[in-house]
Amino acid sequence: MNPVEAAEILRDAVAALSAGTAVELGDVVAAASPERTAALAEKLERGAARFGAEDVETIDVWIRAADSFMLHDDPAEAEARAGVGRRLRAVRALVAPPAGLLTDDPRDAG
């Protein structure tokens with residue numbers, strides 16, 4: 001995946017995760033604010049070579065948001081959200097090197 005594709009995936013994922021929610025994640029978690037999320041997408045689009053800890057934190061919050069929907073009662077919705085999480089993990093691979101993994105979650109290693 002190239003950085004421009006990663007930016008598109010990030011934007012699509014944020015839209016999917018925000019659809020139908022009563023509260024915007026960015027209103028609850030500063031790392032997922034529209035400003036920080038947009039800044040990360042713009043860095044990806046520009047093909048930035050360096051990303052900071054804030055960028056990693058932002059993508060991680062969105063990954064965790066996708067994972068939280070795994071408890072959804074609708075299996076099709078849960079699978080769709082799992083797909084969002086997988087795509088965001090691929091974006092994370094561009095933002096943070098493998099040594100930058102923050103958890104032992106095996107989904108983060110792929």
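- Taking both residues in full, the closest heavy atoms of Pro3 and Gly47 are given as CB-CA, 4.1 Å, listed atom of the first, atom of the second, then distance.
- Within the 4.5 Å cutoff, side-chain heavy atoms of Leu40 are placed close to those of Phe51.
- A 4.5 Å side-chain heavy-atom check between Met1 and Glu8 finds every atom pair outside the cut-off.
- Look at Asp67 and Arg89 and you find a salt bridge, because one of the NZ, NE, NH1 or NH2 atoms lies within 4.0 Å of a carboxylate O, short of that distance.
- With values rounded to the nearest 0.5 angstrom, Ile63 atom CD1 is found 12.5 Å from Arg86 atom CZ.
- Checked by atom type and distance alone, the side chain of Glu79 never pairs as donor or acceptor with a backbone atom of Ala76 at under 3.5 Å.
- Tested against Asp55 for a side chain to side chain contact (heavy atoms under 4.5 Å, CB included), the candidates Lys43, Arg92, Arg50 yield a single pass: Lys43.
- The shortest non-hydrogen separation linking Ala66 to Leu17 is CA-CD2, 3.7 Å.
- Leu10 and Val4 sit in two unconnected hydrophobic clusters of ILVMFWY residues. Membership requires side-chain heavy atoms under 4.5 Å apart, directly or through other members.
- For the residue pair Glu54 and Arg36, the shortest heavy atom distance occurs at O-NH2, 3.0 Å.
- Across all non-hydrogen atoms, the minimal contact from Ala41 to Ala7 is O-CB, 3.4 Å.
- Contact detail for Ala96 and Val56: the closest heavy-atom pair is CB-CG2, 3.7 Å.
- Side-chain N or O atoms of Thr58 include none that pairs as donor or acceptor with a backbone N or O of Ala32 at under 3.5 Å.
- Each of Leu88, Thr37, Leu44 was evaluated against Ile59; a single residue qualifies, Leu88, per the side chain to side chain contact (heavy atoms under 4.5 Å, CB included) test.
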